[in-house]
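The block underneath contains the structure these notes are about, expressed in structure tokens.
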Amino acid sequence: MQVYKVGGAVRDRLLGLPVTDVDRVVVGATTEEMLAKGFRPVGADFPVFLHPKTGEEYALARTERKSGRGYGGFTFYASPEVTLEEDLIRRDLTINAMAEDDQLNLTDPYHGQRDLEARILRHVSPAFAEDPLRVLRVARFAARYAGLGFTVADETMGLMRQLSESGELQALTAERSWKEISRALMEDHPQVFIQVLRDCGALKELMPEVDALFGVPQPETHHPEIDTGLHTLSVLEQSALLKQPLTVRWACLLHDLGKGLTPEEEWPRHIAHEHTGLKLIKAVNERFKAPKDCQELALLVGQYHTHGHRALELKASTLLELLQSFDIYRRPQRFEEFIAACEMDARGRKGLEQRSYPQADYLRGAAKAARAVAVQPLLEQGFKGPELGEALKRERLKALKAYKEAATA
Ligand code: CTP
């Protein structure tokens with residue numbers, strides 16, 4: 001049997017990037033031989049094994065044929081006769097379809113190295129269409145390598161468009177899609193992920209609520225970029241530039257969904273978009289079964305981002321309501337993430353990227369003032385149960401009034 005490194009490990013080594021995961025393909029072996037060597041089988045679907053010592057993945061060379069809709073509809077054929085070239089041709093991109101042996105001899109039948117040098121993401125063969133998740137993968141690689149100048153080949157975009165139009169993306173499971181989406185959002189250029197999905201028609205299939213933002217105008221005075229879709233891309237871009245966590249990036253992507261529902265006759269204004277957007281944010285959250293912290297923050301940012309922007313003008317009572325909604329006493333981190341998302345929203349405007357955001361420190365100060373109200377004296381005065389809650393609220397309101405006066409004097 002021969003063993004080769006394949007996929008990302010070869011690609012990233014040739015790009016001079018650090019290699020984290022190493023996948024290997026085994027040619028000329030049977031399942032029985034692998035088991036006899038102590039490899040542990042994983043996954044019910046594919047002939048993949050873990051090395052008994054290193055735990056790294058070894059897959060038998062295989063060909064795949066489609067037998068149904070979606071990812072579940074795969075049959076695979078693995079046998080010692082399957083050649084390396086046959087295994088590589090069914091992979092997604094030419095830059096992912098190279099193999100190397102222990103001596104670093106490269107097997108590159110589909111010209112991955114040439115495409116690496118030309119900075120092109122190109123599918124290997126029509127077998128690309130066997131797994132619709134690859135539409136998201138290509139968009140994710142575009143987001144990851146945009147800084148190196150990679151773009152998607154026209155013919156690959158064409159295939160991605162066909163796949164999107166075929167309705168096949170609907171068959172992807174929430175788990176597989178979320179894995180790609182969350183990884184793509186954490187790349188250096190997450191806005192490229194959304195842009196590529198939009199360009200091939202996949203965004204309309206996966207997140208029509210985000211797709212609908214393109215072509216929707218906002219008032220030029222506040223939003224020199226005007227288009228709500230472009231604004232969303234810029235907000236996402238800022239969130240990556242400022243190294244925000246996934247929760248914030250997800251909230252950035254979804255914060256303005258309500259603007260896609262505004263009747264055209266009300267354009268460019270979007271009255272109450274914070275509220276109309278909530279059901280859309282909820283729908284996208286649930287479609288991809290986003291983790292709870294992502295879901296929560298996206299809804300809170302959707303509902304309160306304009307409060308964040310108007311923080312300095314808010315009445316003390318409104319400020320208190322805001323702080324209470326975030327449960328800042330038990331969830332300080334979440335409020336920080338809200339502030340960050342608001343700041344990304346403000347920065348994601350054409351020409352205003354560097355403008356300072358004094359609301360951030362003001363909100364932090366307000367949270368600090370509200371938290372500083374001690375419970376002990378109220379307990380000593382005999383307050384308990386709901387009355388204690390009310391008394392605490394009154395004290396916090398007093399503290400916020402004082403804070404507001406001092407801060408805005
Ligand atoms: N692959 C594929 N189609 C998929 C998933 C994976 O063709 N839907 C192939 C590609 O050749 C890929 C390899 O399997 O390079 C390993 O997949 P994976 O570990 O998911 O990705 P990597 O390419 O290693 O990239 P990453 O750095 O994102 O892990």
Side-chain angles (χ1 to χ4, degrees), residues 3-27 42-43 45-51 55-66 70-74 76 78 82 84-100 106-113 115-116 121-148 150 152 156 159-160 163 168-169 171-173 175-190 192-193 196 202:
V3 177
Y4 301 88
K5 281 188 189 168
V6 281
V10 181
R11 177 195 68 221
D12 287 339
R13 186 184 71 74
L14 292 172
L15 281 172
L17 300 174
V19 171
T20 42
D21 278 347
V22 180
D23 294 310
R24 289 186 174 79
V25 69
V26 182
V27 179
V42 278
D45 298 343
F46 297 134
V48 178
F49 303 86
L50 297 183
H51 190 280
E56 287 178 339
E57 268 190 27
Y58 287 66
L60 293 188
R62 61 189 189 248
T63 56
E64 273 157 15
R65 275 173 299 110
K66 200 171 162 75
Y71 194 66
F74 266 134
F76 67 83
V82 175
L84 184 58
E85 286 73 11
E86 284 171 334
D87 177 280
L88 295 176
I89 201 170
R90 63 160 189 84
R91 290 174 183 264
D92 52 3
L93 295 172
T94 60
I95 63 164
N96 290 340
M98 297 181 275
E100 69 186 17
L106 197 67
T107 303
D108 182 17
Y110 310 109
H111 311 296
Q113 209 171 11
D115 285 339
L116 266 189
L121 303 170
R122 191 195 311 277
H123 68 284
V124 181
S125 76
F128 180 91
E130 287 174 359
D131 182 6
L133 188 75
R134 288 171 169 172
V135 173
L136 282 81
R137 278 177 62 89
V138 174
R140 171 165 68 79
F141 285 119
R144 182 189 293 177
Y145 298 131
L148 297 175
F150 276 83
V152 183
T156 303
L159 204 50
M160 288 160 68
L163 267 169
E168 287 227 43
L169 298 180
L172 291 171
T173 62
E175 289 77 11
R176 292 189 85 212
S177 299
W178 176 256
K179 205 167 158 205
E180 289 302 322
I181 293 166
S182 55
R183 289 185 73 187
L185 290 180
M186 290 312 290
E187 297 291 355
D188 283 347
H189 303 276
V192 173
F193 174 71
V196 169

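For reference, positions follow the sequence shown, starting with 1. Just follow the structure's listing: the first ligand is 1, and inside any ligand the first atom is 1.
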message = On a heavy-atom basis, I'd like to know which of Asn96, Asp23, Thr94, Val10 is closest to atom 19 (O) of ligand 1.
response =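 Minimum heavy-atom distance to atom 19 (O) of ligand 1 goes to Asp23.
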
ask   = Within the side chain of Arg90, is there an N or O that forms a donor-acceptor pair under 3.5 Å with the backbone of Arg62?
value = yes

inquiry  = I'd like to know if the side chain of Ser177 and the backbone of Leu172 have a donor-acceptor N/O pair within less than 3.5 Å.
reply    = no

key: Name of the residue among Arg11, Glu187, His189 meeting side chain to side chain donor-acceptor pair (under 3.5 Å) with Tyr145   = Arg11

Run the numbers for me: atoms of ligand 1, each under 4.0 Å from some heavy atom of [X], listed by number.
X: Gly7; answer: 15 (O)
X: Arg134; answer: 2 (C), 3 (N), 4 (C), 7 (O), 8 (N)
X: Arg144; answer: 26 (P), 27 (O), 28 (O)
X: Arg11; answer: 22 (P), 23 (O), 25 (O), 26 (P), 27 (O)
X: Arg140; answer: 28 (O)
X: Arg183; answer: 26 (P), 28 (O), 29 (O)

Taking only distance into account, with no hydrogens and no angle test, what donor-acceptor pairs under 3.5 Å do side-chain atoms of residues 15-22 form with protein atoms, sequence neighbours excluded?
none

message = How close do Thr94 and Tyr110 get, counting heavy atoms only, and between which atoms?
response = CG2-O, 3.4 Å

ask   = Can you name the nearest heavy-atom pair linking Ala202 to Val135, along with the distance?
value = CB-CG1, 3.8 Å

Would you say ligand 1 has an N or O under 3.5 Å from any N or O of [X]?
X: Asp12; value: no
X: Arg91; value: yes
X: Arg176; value: no
X: Arg90; value: no

Leu93 and Val138: CA distance, side-chain angles, deciding distance, side-chain contact (heavy atoms from CB on, under 4.5 Å) verdict = CA-CA 8 Å; Leu93 295 172; Val138 174; 3.8 Å; yes

ask   = Any idea which part of Asp131 is under 4.0 Å from ligand 1, heavy-atom wise: side chain, backbone, both or neither?
value = side chain

request  = Check if Asp21 has a non-hydrogen atom at a distance under 4.0 Å from any atom of ligand 1.
outcome  =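 Contact absent.
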
key: Contact check, Leu133 vs ligand 1, heavy-atom distance below 4.0 Å   = no

query = side-chain contact (heavy atoms from CB on, under 4.5 Å) between Arg134 and Leu163: does it pass, once the steps are laid out?
reply = CA-CA 10 Å; Arg134 288 171 169 172; Leu163 267 169; 5.8 Å; no

ask   = Does Phe128 reach the side chain of Asp92, with side-chain heavy atoms less than 4.5 Å apart?
value =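 Sidechains of Asp92 and Phe128: in contact.
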
